[in-house]
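Data block below; observations after.
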Amino acid sequence: MSKKIDPESLALHEKRIHSCESCPRLRRHCLAIAKTKRRSTAAEGYWGRPIAPFGSLDSRLFIMGLAPAAHGANRTGRIFTGDRSGDWLYRALHRAGFANQSESKSRFDGLKLRDAVVSCVVKCAPPDNKPAPAELARCMTHFAEDEIELYSHARVYVALGGIAWNGLWKLLQQGSPRAMFRHGAEVRLAKQPSWREDRFLIGSYHPSQQNTFTGRLTEPMFDDIFLRARELLNVSEQDRREALAASEVSTN
Ligand code: SF4
């Protein structure tokens with residue numbers, strides 16, 4: 001049987017993230033960006049605080065990015081929202097049936113994820129999109145570790161970029177030799193004592209402009225990642241039903 005969903009734990013987790021001040025350099029940067037803004041969004045209020053995951057606790061697809069964008073999530077308050085990386089991500093999730101719409105402009109735009117949650121290994125926007133190793137380690141210890149526990153229904157993890165891949169590997173497979181990150185890499189994770197079903201990790205290039213403008217990542221390549229995630233979830237659901245049917249037969 002799957003773990004009970006605990007919305008209170010999620011609310012507490014979000015509250016802890018929103019009020020975190022553990023990395024002075026990152027907090028200063030987020031607040032400075034929120035104050036100076038940029039010309040095209042100067043009239044908007046900026047969020048300026050750390051960013052919590054977006055998606056419901058019973059999601060089976062867990063997507064991990066690197067960090068909020070300075071004028072994206074740090075402005076809008078929702079991960080991958082209000083920037084071009086988010087446009088790519090939510091368009092792909094919509095095409096694969098994991099989102100009710102492709103548009104992601106603000107926290108109030110009506111976007112709802114279906115069976116998917118989006119998070120990031122570092123919750124504050126870092127200068128030049130580069131968290132220091134100590135900041136990355138700190139944020140993962142404070143929050144990402146808890147998210148693996150909280151989102152215990154996750155069966156497929158998608159890592160957007162090498163840092164998210166390494167982070168997820170550390171959280172899910174501590175002690176095992178790490179598989180190499182590449183776009184399309186897929187690993188059936190070694191089962192942990194608390195897991196009943198198989199879980200999978202898929203690697204994807206991050207949909208940053210560095211990758212999308214250069215053609216390193218194309219929309220069909222990105223679509224393939226989420227279509228494969230969908231296939232793996234379908235297999236996982238089939239396995240779960242068969243296991244349930246077998247246990248019912250054996251108890252009758
Ligand atoms: S990066 Fe993480 S640990 Fe550091 S201040 Fe932001 S939320 Fe806190």
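These values consider heavy atoms only, across backbone and side chains, with no hydrogens, waters or symmetry-generated copies. Whatever order the structure lists them in is the order used to number ligands and atoms, beginning at 1.
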For this output row, return yes or no: ring centroids of His206 and Phe80 closer than 6.0 angstrom. yes
Going by the atom numbers of ligand 1, which of them fall below 4.0 Å from some non-hydrogen atom of Leu26? 1 (S)
Side chain, backbone, both or neither: the part of Arg27 lying under 4.0 Å from ligand 1 by heavy atom: side chain
What is the distance from atom CD of Glu145 to atom CG of Leu171, rounded to the nearest 0.5 Å? 6.0 Å
Structural part of Pro50 in contact with ligand 1, heavy atom criterion under 4.0 angstrom: side chain
Say whether Leu61 and Leu189 are linked into one hydrophobic cluster, either directly or through other cluster members, by side-chain heavy-atom distances under 4.5 angstrom. yes
Within less than 2.8 Å of atom 8 (Fe) of ligand 1, any N, O or S from Cys20? yes
Nearest protein heavy atom to atom 4 (Fe) of ligand 1, by residue and atom, and its distance? Cys23 SG, 2.3 Å
Run the numbers on Leu93 and Ile63 for side chain to side chain contact (heavy atoms under 4.5 Å, CB included), then give the verdict. CA-CA 10 Å; Leu93 290 177; Ile63 300 155; 3.6 Å; yes
Report the nearest protein non-hydrogen atom to atom 2 (Fe) of ligand 1: residue, atom name, distance rounded to 0.1 Å. Cys139 SG, 2.3 Å
Look at atom 6 (Fe) of ligand 1 and say which protein heavy atom is nearest, naming residue and atom and giving the distance to 0.1 Å. Cys124 SG, 2.3 Å
Judged by modelled atom types alone, do His71 and Thr41 share a side-chain donor-acceptor pair under 3.5 Å? no
Kindly assign one of parallel, tilted or perpendicular to the pair Phe226 and Phe222, based on the angle between their ring planes and the thresholds 30° and 60°. perpendicular
